[in-house]
Q: 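Here it is: the structure, laid out below.
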Amino acid sequence: MLRRVVIVLLVPVPWSPPGVDLRTWRTALAEDVVDLLARLAQAEAAIAATAADRDLAEEIAWPGTRIYELPEPTVLPALKAAAADGFDQAAVIAADAPDVPGMTLGKLLSPLDTKAVTVSPGGASGGLFGMATSLPAPDWLVDHDLDSASAQLLRRTAPRPGDVTTTPPWRRLRGPADLATLDVALEGWENTRTLLGG
C-alpha cells in the first residue's frame, strides 16, 4: 500500500485584513489547512517550516504530526524529508488556502500513477497552490517556492512536457481581492471565518 503525505508549507504571508494582526491571520490560515489534513483518510499530514517558523508549526500541529524544518520555504527540501521518512508519494501545498476542499488534494495526488509531477495553479494571483510527485522526486525537478512557480517553469527541465500535468486550481488568500472568493457554504476554515467576523 502506498504511503502518502500532504505537507503544509508555511509560506510567507505579507498581508492581513484591516484590523487583524498579521501573525494571528497567518496562524488562522495555516491552522485551517492543517485541520483539514487531519481528517484525510488517503494521506498522512506534515508541516514544513523554516527555523523562524518552527514555533508556529508546533502551535498548529495535531499530536503526532510530522514537522520538517527547512532552510528555505521551498519544495525540494520538503520532498527530500518526506522521502527520508519512507513515503512513496508527497504533495506540498501552501498554508494560505484555508477553505481548500479535500477533493482538490485528491485530484493533486491521483494522477501520480501515470505522471511524474502534478501541479495545482494558485488562482488569479499566480504561483501554485500545490504540487505532488512520487518519491524520491525526479532528478530533473528544480527547487522552487509556491509563490513564483508555475507548470511552465517545471516543464522546462522535464524530459517531456507531459511529465508535468496540471490539476484544477485553487486560489490562495494573498490579497484583499481574494477575500471575495471565499465560499461561506464550504465546511471548515473556522479559524479564518472567525477572524473575518463570520
Q: Would you check, one step at a time, whether the test side-chain contact (heavy atoms from CB on, under 4.5 Å) holds for Asp32 with Asp99?
A: CA-CA 7 Å; Asp32 283 338; Asp99 62 336; over 6 Å; no
Q: What is the minimum heavy-atom distance between Thr118 and Leu108, and which atoms define it?
A: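 Taking every non-hydrogen atom into account, OG1-O, 2.5 Å.
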Q: With a 4.5 Å cut-off on side-chain heavy atoms, are Leu109 and Val6 touching?
A: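 Sidechains of Leu109 and Val6: in contact.
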Q: To the nearest 0.5 Å, what is the distance between CG on Leu154 and OG1 on Thr165?
A: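 Taking CG in Leu154 and OG1 in Thr165, the distance rounds to 12.0 Å.
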Q: Would you compute the distance between atom CH2 of Trp170 and atom NZ of Lys107 and round it to the nearest 0.5 angstrom?
A: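 NZ of Lys107 is found 10.0 Å from CH2 of Trp170.
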Q: Do you know which two heavy atoms are closest between Pro138 and Ala116, and how far apart they sit?
A: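 Answer, listing the atom of Pro138 first, then Ala116: CG-CB, 4.4 Å.
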Q: Roughly how far apart are Ser110 OG and Arg4 CZ, rounded to 0.5 Å?
A: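 Separation between the atoms: 7.5 Å.
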Q: Are the side chain of Ser120 and the backbone of Thr167 linked by a donor-acceptor contact shorter than 3.5 Å?
A: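 Side chain of Ser120 to backbone of Thr167: no pair is present.
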Q: Mind listing the closest non-hydrogen atom pair of Gly123 and Pro169 along with its distance?
A: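 In this case the closest contact between Gly123 and Pro169 is N-CB, 4.4 Å.
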Q: Would you say Phe129 and Ile93 make side-chain contact, with heavy atoms under 4.5 Å?
A: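 Yes; the side chains approach each other to less than 4.5 Å.
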Q: For the residue pair Asp178 and Asp96, establish whether any side-chain heavy-atom pair is separated by less than 4.5 Å.
A: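 Asp178 vs Asp96: side chains apart.
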Q: May I ask you to decide whether Arg26 forms a salt bridge with Asp53, counting only side-chain N to carboxylate O separations under 4.0 Å?
A: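 Asp53 and Arg26: salt-bridged.
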Q: How far apart are the closest heavy atoms of Leu76 and Ala137, and which atoms are they?
A: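 Closest approach of Leu76 to Ala137: CD2-CB, 4.2 Å.
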Q: Would you check if Asp35 and Asn191 make a side-chain contact, meaning some heavy-atom pair closer than 4.5 Å?
A: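 Counting from C-beta outward, Asp35 and Asn191 do come under 4.5 Å.
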Q: Please tell me whether Val100 and Val92 are part of a single hydrophobic cluster in this structure, the criterion being side-chain heavy atoms less than 4.5 Å apart.
A: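 Val100 does not cluster with Val92.
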Q: Quick one: do Asp143 and Glu72 satisfy side-chain contact (heavy atoms from CB on, under 4.5 Å)? Show the steps, please.
A: CA-CA 10 Å; Asp143 196 19; Glu72 300 290 338; over 6 Å; no
Q: Determine whether more than 12 heavy atoms belonging to other residues, nucleotides or ligands lie under 6.0 Å from atom CG of Asp139.
A: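 No, the 6.0 Å shell around CG holds no more than 12 heavy atoms from other groups.
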Q: Verify the cluster assignment for Trp15 and Leu22: are they in a single hydrophobic cluster under the rule of side-chain heavy atoms below 4.5 Å apart?
A: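 Yes; tracing contacts between hydrophobic side chains, which count when under 4.5 Å, links both residues.
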Q: Between Glu187 and Arg39, is there a side-chain N and carboxylate O pair less than 4.0 Å apart?
A: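 Answer for the salt bridge query: no.
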Q: Nearest 0.5 Å please: distance from the OG1 atom of Thr133 over to the CD atom of Gln89.
A: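 So the OG1 of Thr133 and the CD of Gln89 are separated by 8.5 Å.
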Q: Compare every heavy atom of Ile67 with every heavy atom of Ala61, then report the nearest pair and how far apart it is.
A: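 Here Ala61 and Ile67 meet closest at CB-CD1, 4.2 Å.
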Q: Establish whether Val117 and Val5 are linked, either directly or via other cluster members, by ILVMFWY side-chain heavy-atom contacts under 4.5 Å.
A: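 Val117 and Val5: one cluster.
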Q: For residues Pro161 and Arg155, report the shortest heavy-atom separation together with the two atoms involved.
A: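 Minimum heavy-atom contact is O-NE, 3.3 Å.
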Q: Tell me, do Leu196 and Trp25 make a side-chain contact under 4.5 Å, heavy atoms counted?
A: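 They are in contact (side-chain heavy atoms under 4.5 Å apart), so the answer is yes.
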Q: Should Tyr68 and Leu79 count as side-chain neighbours, where that means a heavy-atom distance under 4.5 Å?
A: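 SC-SC contact between Tyr68 and Leu79 ruled out.
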Q: Is the shortest heavy-atom distance from the side chain of Val142 to the side chain of Arg156 under 4.5 Å?
A: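 A side-chain contact is absent here, since even the closest heavy-atom pair is not under 4.5 Å.
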Q: Using a 4.5 Å cut-off on heavy atoms from C-beta on, say whether the side chain of Val184 contacts that of Arg193.
A: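 Touching, per the 4.5 Å side-chain cut-off.
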Q: Which is it for Ile60 and Val8 under the side-chain contact (heavy atoms from CB on, under 4.5 Å) test, yes or no, and what are the steps along the way?
A: CA-CA 11 Å; Ile60 63 175; Val8 179; 5.7 Å; no
Q: Between CG of Asp183 and CH2 of Trp189, what distance do you get to the nearest 0.5 Å?
A: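 The CH2 atom of Trp189 is 8.0 Å from CG of Asp183, to the nearest 0.5 Å.
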Q: With a 4.0 Å cut-off, would you call Arg174 and Asp147 a salt bridge?
A: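 A salt bridge is present here (some side-chain N lies under 4.0 Å from a carboxylate O).
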Q: Indicate, with yes or no, if Val34 and Leu56 share a hydrophobic cluster defined by side-chain heavy-atom contacts under 4.5 Å among Ile, Leu, Val, Met, Phe, Trp and Tyr.
A: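 Per the 4.5 Å side-chain linkage, Leu56 and Val34 are co-clustered.
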Q: Answer with yes or no whether the hydrophobic clustering places Ile7 together with Leu40; edges join I, L, V, M, F, W, Y residues whose side-chain heavy atoms lie under 4.5 Å apart.
A: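 Shared cluster, no.
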Q: For Thr74 and Asp145: C-alpha separation, side-chain torsions, deciding distance, then whether side-chain contact (heavy atoms from CB on, under 4.5 Å) applies.
A: CA-CA 4 Å; Thr74 57; Asp145 60 49; 4.2 Å; yes
Q: Using 0.5 Å steps for rounding, measure from the OG1 atom of Thr65 to the CG atom of Leu37.
A: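 One finds 8.5 Å between OG1 of Thr65 and CG of Leu37.
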